[in-house]
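Here is the structure we will look at, set down as structure tokens.
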Amino acid sequence: MKPIGYWLNRTDQALTASMDAALAEFGLTRLGWQVLNAVKDDPKATDSAVQTALATGADTAPLNSAVASLLTGGWVTRPRPEGLALTDDGRARLVEVARRVADFRELSAKGITREEYVSAVTVLERMTRNLTEPRDGSAARP
């Protein structure tokens with residue numbers, strides 16, 4: 001059996017490649033979708049807020065590139081300096097993209113029960129906390 005790190009990396013790569021393919025006709029990537037959701041969920045979204053929200057999944061350069069692509073593609077606009085907001089067209093297109101993402105999620109969870117999914121997420125969350133939260137008054141160390 002391969003170790004969990006192997007499967008985490010392979011799963012993330014597979015999720016990204018498959019989602020990028022599913023969203024290509026919309027001119028989006030997985031990261032672009034994540035940025036759109038961060039902007040949609042925060043009426044006062046800024047570049048730094050998006051960076052903070054997605055910091056665990058993307059470095060600054062790819063995030064900046066995704067934001068630039070969304071601006072160019074008419075998905076988002078800058079209502080103020082450093083601010084981000086969905087355009088009316090972006091909001092309308094996001095409805096169709098959400099349907100595609102729902103199909104993607106259904107495919108990715110094929111053959112996995114709700115209980116198995118919840119168990120996997122719970123274990124990964126616990127493992128992450130074990131490695132990132134302070135223990136005995138000190139920061140976690142490798």
Side-chain angles (χ1 to χ4, degrees), residues 1-135 138-142:
M1 179 191 303
K2 301 239 187 241
I4 194 165
Y6 172 86
W7 289 113
L8 287 171
N9 287 327
R10 288 284 295 129
T11 301
D12 188 56
Q13 290 168 1
L15 285 168
T16 298
S18 295
M19 192 165 193
D20 285 355
L23 299 178
E25 76 177 80
F26 300 101
L28 289 176
T29 62
R30 179 184 182 198
L31 184 56
W33 165 252
Q34 292 168 330
V35 171
L36 286 173
N37 280 291
V39 171
K40 178 186 74 151
D41 294 341
D42 182 359
K44 296 180 182 179
T46 63
D47 290 281
S48 59
V50 169
Q51 179 72 36
T52 299
L54 301 176
T56 58
D59 293 326
T60 302
L63 269 171
N64 290 341
S65 179
V67 168
S69 177
L70 295 172
L71 286 162
T72 301
W75 292 90
V76 297
T77 188
R78 288 205 182 277
R80 63 197 178 289
E82 296 297 310
L84 294 166
L86 287 175
T87 62
D88 289 341
D89 184 51
R91 191 172 304 284
R93 290 189 285 163
L94 204 49
V95 172
E96 179 60 31
V97 173
R99 285 189 211 116
R100 182 65 54 88
V101 171
D103 292 343
F104 166 81
R105 287 179 177 157
E106 185 178 326
L107 173 65
S108 69
K110 185 178 176 182
I112 299 169
T113 67
R114 175 77 181 145
E115 292 78 19
E116 288 173 321
Y117 180 86
V118 169
S119 180
V121 170
T122 301
V123 167
L124 292 173
E125 180 181 10
R126 192 176 319 132
M127 186 177 278
T128 300
R129 288 177 197 260
N130 287 345
L131 298 171
T132 60
E133 291 183 355
R135 301 179 294 228
S138 62
R141 305 182 267 276

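As the structure is a computational prediction, the values presented were derived from the model and not from experiment.
- Residue W75 holds its CH2 atom at 15.0 Å from CG of L84, rounded to the nearest 0.5 Å.
- For the pair L15 and S108, the tightest heavy-atom approach, listed with the atom from each and the gap, is CD2-CB, 4.5 Å.
- Heavy atoms only, all atoms of each residue included: S18 and F104 are closest at CB-CE1, 3.6 Å.
- Other residues, nucleotides and ligands contribute at most 12 non-hydrogen atoms within 6.0 Å of the CZ atom of R10.
- Between the CG atom in N130 and the CD atom in E125 there is a gap of 10.5 Å [rounded to 0.5 Å].
- At least one side-chain heavy atom of V67 sits under 4.5 Å from a side-chain heavy atom of R78.
- With hydrogens and angles ignored, the 3.5 Å screen pairs no side-chain donor or acceptor of S119 with any backbone N or O of E116.
- Here R93 does not pair with E96 in a salt bridge; the nearest charged N to carboxylate O distance is not below 4.0 Å.
- A donor-acceptor contact shorter than 3.5 Å links the side chain of R100 to the backbone of A22.
- Between the side chain of D20 and the backbone N or O of T29 there is no donor-acceptor pair closer than 3.5 Å.
- Here the shortest heavy-atom pairing between T122 and V118 reads OG1-O, 2.7 Å.
- L70 pairs in a side chain to side chain contact (heavy atoms under 4.5 Å, CB included) with only one of the listed residues (L86, L36, T87), which is L36.
- Remark: N37 CG to D42 CG distance equals 12.0 Å, nearest 0.5 Å.
- To the nearest 0.5 angstrom, L28 atom CG is 9.0 Å from M19 atom CE.
- For D88, the CG atom is loosely surrounded, since the number of other residues' heavy atoms within 6.0 Å does not exceed 12.
- Between atom CG of residue D47 and atom CG of residue L63 there is a gap of 9.5 Å, rounded to the nearest 0.5 Å.
- For the pair S69 (side chain) and S65 (backbone), a donor-acceptor distance under 3.5 Å is absent.
- Residue R80 places its CZ atom among more than 12 non-hydrogen atoms of other residues, nucleotides or ligands, all under 6.0 Å distant.
- Side chain of D12 to main chain of L8: no donor-acceptor pair is present (N/O by atom type, distance under 3.5 Å, no hydrogens or angles).
- Contact between V35 and A66 at its shortest, heavy atoms only, is CG2-CB, 4.2 Å.
- In this structure, CG on L23 lies 11.5 Å from CG on L31, to the nearest 0.5 angstrom.
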